Amino acid sequence: MNGLQAYQRVNTQTSITDADPHRLIQLLYNGALERINMAKARMQAKDYEGKGNLISKAIEIIGGLRGFLDFEKGGELAARLEGLYDYMERTLLEASAKNDMTKLDEVADLLRSIKDGWDGIREEAVSKSAQVG
């Protein structure tokens, strides 16, 4: 492992350790988007093994996002997000199998839309969490 990779790993671990629940979700969205973008580059370079590994990581991250859904508090929104995450996972599998960059773009666009909404409620989420604690 080179110095840059070691720094990134420590920096990522520190970000996760110091993160509030809202920030953890933001980090997951960022991580999934990053893996999809890296998979596109691997696909263009015809590195299909690397592409497959990165898409698998993106699918794992989306599975992690699904795991954070609170159906009791989230109701219909949580159910819709679960369906959307399921669609994204299936679309990523198809993108990997067919080397379809447009499917990667589609999932990235969906993730960005959800992430933008999530980012927009940061202040509200952090203030509620501070009131509870």
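Quantities reported herein were computed from a predicted structural model and do not represent experimental measurements. In this chain, numbering begins with 1 at the start of the sequence shown.
Using a cutoff of 4.0 Å between basic side-chain nitrogens and carboxylate oxygens, D109 and R112 are scored as salt-bridged. For the pair K51 and D47, the salt-bridge criterion is not met [side-chain N within less than 4.0 Å of a carboxylate O]. A salt bridge links R66 with E89: the distance from a Lys NZ or Arg NE/NH1/NH2 to an Asp or Glu carboxylate oxygen falls below 4.0 Å. A salt bridge links R80 with E76: at least one charged nitrogen is closer than 4.0 Å to a carboxylate oxygen.
In this structure, Y87 is a member of the same hydrophobic cluster as M101, with clusters built from ILVMFWY side-chain heavy atoms closer than 4.5 Å. Following chains of ILVMFWY side-chain contacts shorter than 4.5 Å, one cannot reach L54 starting from Y48, and the two form parts of different hydrophobic clusters. In the hydrophobic clustering of ILVMFWY residues, with side-chain heavy atoms under 4.5 Å counting as a link, L81 and L33 come out together. When hydrophobic clusters are built by joining Ile, Leu, Val, Met, Phe, Trp and Tyr residues whose side-chain heavy atoms come closer than 4.5 Å, directly or via intermediates, M38 is not grouped with L92.
The number of heavy-atom neighbours closer than 6.0 Å to NZ of K115, taken from other residues, nucleotides and ligands shown, is above 12.
Between G52 and S96 the shortest heavy-atom distance is CA-OG, 4.1 Å. Closest heavy-atom contact between A78 and L69: O-CD1, 3.6 Å. For G64 against L28, the heavy-atom pair with the smallest separation is C-CD1, 4.4 Å. Scanning all heavy atoms of the two residues, the minimum distance from M88 to I114 falls at CE-CD1, 3.4 Å. Minimum interatomic distance between I61 and G31 (heavy atoms only, all atoms of both residues): CD1-C, 3.6 Å. Between H22 and I121, the closest heavy-atom pair is NE2-CG1, 3.8 Å.
Once rounded to the nearest 0.5 Å, the distance linking NZ of K57 with CD1 of I62 reads 14.5 Å. Distance NZ/K40 to CG/N99: 14.0 Å, rounded to 0.5 Å. Here L104 contributes atom CG and E94 contributes atom CD; the two are 11.0 Å apart, rounded to the nearest 0.5 Å. Here I36 contributes atom CD1 and L111 contributes atom CG; the two are 5.0 Å apart, rounded to the nearest 0.5 Å. Between the CG atom of D105 and the CG atom of D100 there is a distance of 9.0 Å, given to the nearest 0.5 Å. Note that CD1 of I55 and CD of E60 are 12.5 Å apart. Values are rounded to the nearest 0.5 Å.
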Q | Test side chain to side chain contact (heavy atoms under 4.5 Å, CB included) applied to E82 and D86, step by step | A | CA-CA 6 Å; E82 182 182 42; D86 178 65; 5.6 Å; no
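Ring geometry, Y29 versus Y85: the interplanar angle falls from 30° to 60°, so the pair is classed tilted.
Using a 4.5 Å heavy-atom cutoff, the side chains of K103 and K98 are not in contact.
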